Amino acid sequence: MTSTATTANAPLQVFVRMYRALSPDAAYKGMLGDCFLIRIVQGDQASHILIDCGLLLGSADADARMQAIAADIVETTGGVLDLLVVTHEHWDHISGFSQARDVFLAGPDPATGAETLQIANLWMGWTEKDGDPQVERLRERFDKTGAALSALAERIRRDGNSPAAAVASQTLGLQGFRGATSNGAKRLQGREIMAALKGKSKAPPQFLEPGTVLPTPAAKPGAPALRAYVLGPPRNEAFLFKDKPSSGKAQETYLADLRLSDEILRFAQGGDLGTGADTPFAPQYRTLPVADVAQGRLDSDDAAWLAARYFGDKAAEKRPKDRALFKMNERRRIDADWLGIADPLALKLDSDTNNTSLALAFDLPDGTAMVFAGDAQVGNWLSWHEQSYRDETGTEHSAEQILNRTRFYKVGHHGSHNATLDEKGLAMMTRDDLVAAVPTDEELGKKQGASGWQMPNPRVKAALRARTKDRILRNDRRYDAVSRAADPELRAVDADFLARLTETDLYLEYHVL
C-alpha cells in the first residue's frame, strides 16, 4: 500500500465521466440529460463528486439506463459519494434519483446496516433552502405557473384537435423537463426528490450563495479536494429572471403578472375562456354564459347567433340551417388564440427554473479550471461578473479570470441558444486546450415539440467548434477510428484529446489533468 507521505507527493489527477448509457444495437444514440462523475485521484486516495443524474422524460429505456449508471457509480466510488451536487430541479437533471431510488435513496440494510451508496455531502443552490423568505416566494411563483401549465397540457391531451392544441404545442414538449406526465406512472416528483436527497446526506446539506469560495468536502480526512467557486444562481432577481438578451421591455416583463396563470388554470380545469373579472368586455356585454351557449342549452336569438358562428355543429344541432353558417365563419374564430401565450409562458417557466441552476467552477492544481454551468441562462451568467471571489488566502478572483483559465467546460442546457454566453462567456475561455462536453441526443431533441429542439443550437455549435478546435465530447457521438473517419467534425481533432478519452457505451471519460 502506498504510504500517506507518498500519496501526498503524488500528482493529483482529475477525470470527468459523462454518462450516456447507449444501447449496443444503436436503438438510441445519446442521452439528453446531465450526469457527471468527477474523480479526483492522488496516489491511492480518491474523492468522487457527482453533478446531477437525469435524462429527459420520454427517453428510451430510462429506468434501465439509470439503473446501469447507478450501478457504475457504486462500483467506481466504492459505495461512498463524497459530494453530490444538484444544480436545479429539472427532470433531465434529477430523474435518476427516482428511477434508481433503490441505490440513491435507500436507507441502511436492516440486517447489515450497510448502504448501497452513501452520500456524504450535498450541495444545492440557495434556491433550495427551506424557510428562506425569498425561496418561499419564488416557489409560490413557480408552483402557480407550473400547476397552470400542467393542467393545460392535460386538457390539450384530452382534446388533441382543439384550437388550444394547435397554438400551445410546445407546452406539451416542455413538460419533459419538468417531469410532468399523465400516464399515472408512480415516481417521485421534483420537489420530493430534492427533499429525499436532503434527508439522505450524512452531513447537513449546504445551500450555496453566489460569490462563495470553498473546498470540496470528502468523506475521509486527507482525501484530495478541489477549490470551488459558486458562480450562481444570483440573489438579484433582475438577473434571476433574465432569460435571454434584451429585446424590448414587453418581451421580458409581460409574463411577470401571475393573472395569466390564473386564466390558463381556469381554462385547463374546464372553465370558460376569458369570462373572469379581467375580461376586456364591459359588464353589460357579459350576459351570455359561454358554456351554455357552446352546448346549445340556450334558445335565445343571441345565443343562437353566437352558437352558429363560434361553436359549430354540436351547438347548432337544434338549428341545422346554422351549420353552414358556422363552416363559413370558422376561419374567423379567435377564441383560443390567446392560448398561444401558453407556449411563451411554458418557455419562461422553463428558463426561469434553468436560471436557478447552481453554477460552479473548480480550480485545478496546475492553475487551470473547470466550469459546470448547469443550465444557467443569460442572467445567471451575467451575474457572475457582478461579484468577486475571495479564496482562503485572501486573493480576489474575477469571473473573467476564472473563465480565462478554464480548460473544461460543461456546456449549459445541452447547447441551447441562450445557455452559453458569447462576449462574457465562451469568448473569455481563451486557453488553447479548452474541451467542451455537451450532454445531448440531437436526434431525440429534433423530435420534441411541434418543430423540434436544436440541441446543440447551430450557432452555439459553431462557436464551440471554433473555440475548442473540435475537442468536443458529445454523448451521442462515437470516437473510435472508424467513426472519426466518417465524421467531418472529428477528422482533424488532435491526438492528445483522443489519448485522454476513454469511451464505453455507458460513458465517456476525459482525463482532464
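Please read these numbers as outputs of a predicted model, since none were measured by experiment. All values below come from the heavy atoms of this structure, side chains included, with hydrogens, waters and symmetry mates left out.
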With sequence neighbours excluded, residues passing side-chain contact (heavy atoms from CB on, under 4.5 Å) with [X]:
{"X": "Val435", "answer": "Phe408, Arg471, Leu473, Phe497, Tyr510"}
{"X": "Asp72", "answer": "Arg17, Tyr19, Thr76, Leu506, Tyr507"}
{"X": "Thr116", "answer": "Val74, Val103"}

Side chain to side chain contact (heavy atoms under 4.5 Å, CB included) between Trp384 and Tyr389, intermediate numbers included: CA-CA 10 Å; Trp384 304 353; Tyr389 308 83; 3.7 Å; yes
Arg235: partners by side-chain hydrogen bond (donor to acceptor under 3.5 Å, both in side chains), with sequence neighbours left out: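 Residues passing side-chain hydrogen bond (donor to acceptor under 3.5 Å, both in side chains) with Arg235: Asp132, Gln134, Glu209.
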Plane angle bin for Phe15 and His511 - parallel if under 30°, tilted between 30 and 60°, otherwise perpendicular: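 Parallel.
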Using 4.0 Å as the upper bound for N to carboxylate O, is an ion pair formed by [Y] and [X]?
{"X": "Arg137", "Y": "Glu237", "answer": "yes"}
{"X": "Arg20", "Y": "Glu503", "answer": "yes"}
{"X": "Arg478", "Y": "Asp480", "answer": "no"}
{"X": "Arg39", "Y": "Asp82", "answer": "no"}

For Glu443, all residues meeting salt bridge (Lys or Arg N to Asp or Glu O under 4.0 Å), sequence neighbours excluded: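 With sequence neighbours excluded, Glu443 shows a salt bridge (Lys or Arg N to Asp or Glu O under 4.0 Å) to Lys29, given in chain and number order.
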Any residue meeting salt bridge (Lys or Arg N to Asp or Glu O under 4.0 Å) with Arg227, in chain and number order, not counting sequence neighbours: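 Scan of Arg227 (salt bridge (Lys or Arg N to Asp or Glu O under 4.0 Å), adjacent residues dropped) gives Asp363, Asp391, Glu392.
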Asn355 side-chain N/O to Gln377 backbone N/O, donor-acceptor pair under 3.5 Å: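 Yes; at least one donor-acceptor contact below 3.5 Å.
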Residue of the set Leu50, Ile49, Ile51, Leu117 for which side chain to side chain contact (heavy atoms under 4.5 Å, CB included) holds with Leu84: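 Single side chain to side chain contact (heavy atoms under 4.5 Å, CB included) partner of Leu84 among Leu50, Ile49, Ile51, Leu117: Leu50.
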From NE2 (His88) to CE (Met124), nearest 0.5 Å: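 Rounded to the nearest 0.5 Å, the NE2-CE separation comes to 12.5 Å.
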Would you say the side chains of [X] and [Y] form a donor-acceptor pair under 3.5 Å?
{"X": "Asp375", "Y": "His93", "result": "yes"}
{"X": "Tyr409", "Y": "Thr468", "result": "no"}
{"X": "Asn457", "Y": "His417", "result": "no"}

